[in-house]
Amino acid sequence: MTPVTITPASASTEQPVACIRIEQARLLYAQAPLGTLISLLVAPTLTLILWGVMSHAVLLAWLAILETTLAVRFGLAVHFERQARQMPALDTLDNLTATVPWAERWIARYTWACTASGIAWGGCTLFLALSPSLVYDTFIALILGGVLMGGVLTMTPVLFTYFAYALPLALPTVLWLLLQDDPLHVAMGATGLLYLLLALGTAQRHHDTILRSLRLAMENLGLAHSFAHAKEQVEESNRRLAEQQAAMRDSVEAIRELYRVVSTPCRHPSDQIQALLAMGCRRFGLAIGILAHIEGERYEIIQVLSPGGEIAQGDTFSLDDTYCRETLRTQGPLGIEHTATSHWHSHPCYRKFRLEAYLGVPVRVGTTAYGTLNFSDFRPRPTPFTTVDRELIQLMAEWVGGALEQERMATAAQRQQALLAHASRLNTLGEMASGLVHEINQPVTAITLYTEACLARLRRGDIDPEETRDLVEKIASQSTRANAIIQHIRRFARQGKPQYTVNPVGEMLTEINDFLELETRRHGVRIGYDIAPDLPAALADRLQVQQVVCNLVRNAVDATAASTALRAVTILARAAEAQIEIAVRDSGPGLKPEEMEQLMHPFFTTKPEGLGLGLPISQSIVEAHGGRLWATMNLDGPGMTFHFTLPAASSTEPRTQRPAHALEASLAGRF
Ligand code: ADP
């Protein structure tokens, strides 16, 4: 028979009594077939022995009653086994609590059946009364003693069941024997009584032993359960630890990869974002990477990586037709591994573009929502996005937001610098105003004189065509000179965005030669040039470079003002690796070391009327070109030299030739 299985969980210390009770029922029924079988064999044997000396009807009636009770017991045992097999596992407290009444019911049924068997066996007292001789009496008593003791072995798992069986079985016979007149029968009755007491006592001891074993078994099961539970817990925590370690390794690798991409030097943000999109596609196993700008309902592709060319930079869509509307709503990473099998299958994006997999996150620039960074594919993603994937795309979006913010600030700074440079140029012009007026005045005065001479000759009628042509040519030449100065001033005063173009250094310097001459001449300073031949052209904004040279020359002129010796300024230019170095050298007194340290600080000036902005502005112009400005004391004579570098045109891609990027447009136009 297969009894109810007590699983470790059900043997928890909270319910030992319930478990023991169920086990008692199990043991009771486990022994039932044996006890029933023995009785089934013994009863017909007794009938056969008594067949010749007693009424057949009485014998058959008794046998029928007894065998019926035995059949009931056997039937119960079979039925119990069947039910026990179908019982739910006793692994929860609820199941256990529900099983105890079930076990009690089966114990009660078997106890009733055993009581009936006991009564039937007790009916043998009638055979004693009808017995023809003492031999038969002894045999009957022997049989009864046997079945009484047999019950001790098979029924004691439940003591009450045995009592209910043994008392009706033995008491009638014992009482009958005790009530007989002859001492032999009385002695048999007394012995029977002793046997009965012995059987009951043995049953009690046997029952106690069974209970103790069961309790021990329960305790063992409890222990085994605790061990199993602890083992499971250890295994579970090991598994979780391994998972965490794998996730940790994965995230370290992801962060390392992200760092590699964003830390590659000298990259324009748009190049870095492009590399980031490539990294995201690789990492998430998705084909398409997009940085999108969202304005109202307009979704515009700012940068894209789309191997199939399905989506291009500058494409626009309605926000409703993208998963990004939901990404913005979520305010965090949104991942869809397989749209067709998810609740997203009715989304317009899926209906229109059949995008099966998607991972996107909002991008913020400062405190403003900019758009989304998203990756997608027309094929479903075989595995779900991990926490690391979501954290990584979040990091990527934060970096992109930061890069866009930086780009925005750089654009604003460039605008500010251009404004400042313009203001500085106007300031220079203002300071040079008296010299310039004088410079323009000269040709204008000459024009006036030549014109008056012409008119005088015309009035006198003294017209010599040769002389008149000479005078008019002089007027034209002076006009050209005045016009050239005015054009220089206009160009110098012009305001505009920096234009980084290819500029021959000699040309740039020649264009401001007039200005510089005017300035140096006015202060009695000699200006000289030392330009290396075959200089490569510079990649620069012509006007801004000229402004820097003007600033440096004017400072040099100021520095030499107090000098009594030869006052000279020299402009030098030479190639230095992939750069061009331009220097302005003077013969002034130079600066003290502590002043040298402050030279580039804004508002540092030693001049009574100075602003202390010329050098910082010049420095920012040079640095915006990718160059450097510095000063050195002259070692081979008095004075100092200011140097600055510019990138040679061949060394880099001309910045004006780079197509205006959608990224810059998206920042310039919208922030
Ligand atoms: P400002 O000319 O208005 O003072 P700058 O920034 O052009 O402002 O110059 C800052 C200071 O640097 C000057 O006041 C001067 O002391 C020093 N300086 C600049 N050029 C020279 C030079 N060639 N020789 C000595 N000192 C100089």
Side-chain angles (χ1 to χ4, degrees), residues 247 250-251 253-262 269-294 299-317 319 321-342 344-345 347-350 352-365 369-404 662-663 666:
D250 197 26
S251 54
E253 186 46 44
I255 289 168
R256 209 175 273 154
E257 205 174 345
L258 179 64
Y259 178 76
R260 263 199 303 272
V261 169
V262 300
S270 61
D271 298 336
Q272 281 180 317
I273 290 173
Q274 205 63 23
L276 202 78
L277 291 179
M279 175 205 142
C281 287
R282 222 176 27 251
R283 168 101 207 160
F284 305 131
L286 302 173
I288 304 167
I290 292 174
L291 170 66
H293 179 70
I294 297 170
Y299 174 96
E300 184 185 347
I301 308 287
I302 300 300
Q303 278 190 241
V304 63
L305 190 87
S306 166
E310 303 87 354
I311 307 166
Q313 182 183 318
D315 284 357
T316 55
F317 301 91
L319 182 59
D321 291 343
T322 67
Y323 294 127
C324 292
R325 169 167 308 289
E326 277 64 38
T327 308
L328 293 183
R329 268 196 207 123
T330 315
Q331 282 299 313
L334 172 71
I336 309 168
E337 287 85 7
H338 192 178
T339 313
T341 57
S342 70
W344 297 99
H345 66 90
H347 195 279
C349 182
Y350 186 63
K352 282 198 175 170
F353 309 115
R354 294 275 142 197
L355 277 179
E356 286 284 9
Y358 171 89
L359 180 64
V361 70
V363 174
R364 301 184 71 79
V365 176
Y370 175 84
T372 62
L373 175 72
N374 62 77
F375 297 88
S376 52
D377 206 314
F378 295 104
R379 290 165 309 156
R381 194 174 191 268
T383 50
F385 292 110
T386 61
T387 315
V388 174
D389 291 337
R390 286 164 200 274
E391 279 170 5
L392 179 65
I393 194 173
Q394 183 74 57
L395 270 181
M396 288 162 90
E398 278 165 24
W399 182 85
V400 169
L404 294 179
L663 175 68
S666 79

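Keep in mind that this is a model prediction, so the values were computed, not measured.
Taking CD1 of I302 as the start and CG of D315 as the end, the distance is 11.0 Å to the nearest 0.5 Å. Annotation: the span from L305 atom CG to I311 atom CD1 amounts to 10.5 Å, rounded to 0.5 Å. Between Q313 atom CD and E300 atom CD the span is 8.5 Å, to the nearest 0.5 Å. In this structure, CG in L258 is found 5.0 Å from CE in M279, a value given to the nearest 0.5 Å. Rounded to the nearest 0.5 Å, atoms CG (L277) and CZ (F375) are 5.0 Å apart. Here the straight-line distance linking atom CD of Q303 with atom CG of L373 works out to 10.5 Å at 0.5 Å rounding.
Relative orientation of the Y323 and H347 rings is tilted, given thresholds of 30° and 60° on the angle between their planes.
When side chains are defined from C-beta on, D377 does not count as touching F284, because their heavy atoms never get closer than 4.5 Å. Counting only heavy atoms from C-beta outward, the side chains of P269 and L404 never approach each other to under 4.5 Å. Contact of the F385 side chain with the I336 side chain is not registered, since no non-hydrogen atoms from C-beta on lie closer than 4.5 Å.
The ring-ring contact (aromatic ring centres under 6.0 Å, His included) test applied to Y350 returns no partner, not counting sequence neighbours. Under the side-chain hydrogen bond (donor to acceptor under 3.5 Å, both in side chains) criterion, T386 pairs with D389, not counting sequence neighbours. Listed by chain and number, the residues in a ring-ring contact (aromatic ring centres under 6.0 Å, His included) with F353 are F317 (sequence neighbours excluded).
Here the side chain of S376 pairs no donor or acceptor atom with the backbone of Y358 at under 3.5 angstrom. Remark: side-chain polar atoms of T372 are not paired, donor with acceptor, to backbone N or O of N374 under 3.5 angstrom. In this structure, R381 contributes its side chain and P384 its backbone to a donor-acceptor pair below 3.5 Å. The backbone N or O of P348 sits nowhere less than 3.5 Å from a side-chain atom of D321 that would complete a donor-acceptor pair. Put simply, the side chain of H293 gets close to the backbone of Y370: a donor and an acceptor are under 3.5 Å apart. Judged by distance alone, with hydrogens and angles left aside, the side-chain atoms of E356 form a donor-acceptor pair with the main-chain N or O of T339 at under 3.5 Å. Remark: side-chain polar atoms of Q394 are not paired, donor with acceptor, to backbone N or O of V361 under 3.5 angstrom.
Residues R283 and D250 share a closest heavy-atom pair of NH2-OD1, 2.6 Å. Across every non-hydrogen atom of I294 and C324, the tightest pair is CD1-CB, 4.2 Å. Closest of all the heavy-atom pairs between L359 and I393 is O-CD1, 3.6 Å. What you find for C281 and G289 is that their closest heavy atoms are SG-N, 3.5 Å. When every heavy atom of P362 is checked against every heavy atom of L328, the shortest pair comes out as CB-CD2, 4.0 Å. Pairing each heavy atom of C349 with each of L355, the nearest pair is SG-CD1, 4.0 Å.
Within a 6.0 Å radius of OH in Y259, no more than 12 heavy atoms belonging to other residues, nucleotides or ligands are found. Other residues, nucleotides and ligands contribute over 12 non-hydrogen atoms within 6.0 Å of the CZ atom of R354.
The residues R329 and E326 are annotated as salt-bridged, a charged nitrogen and a carboxylate oxygen being separated by less than 4.0 angstrom.
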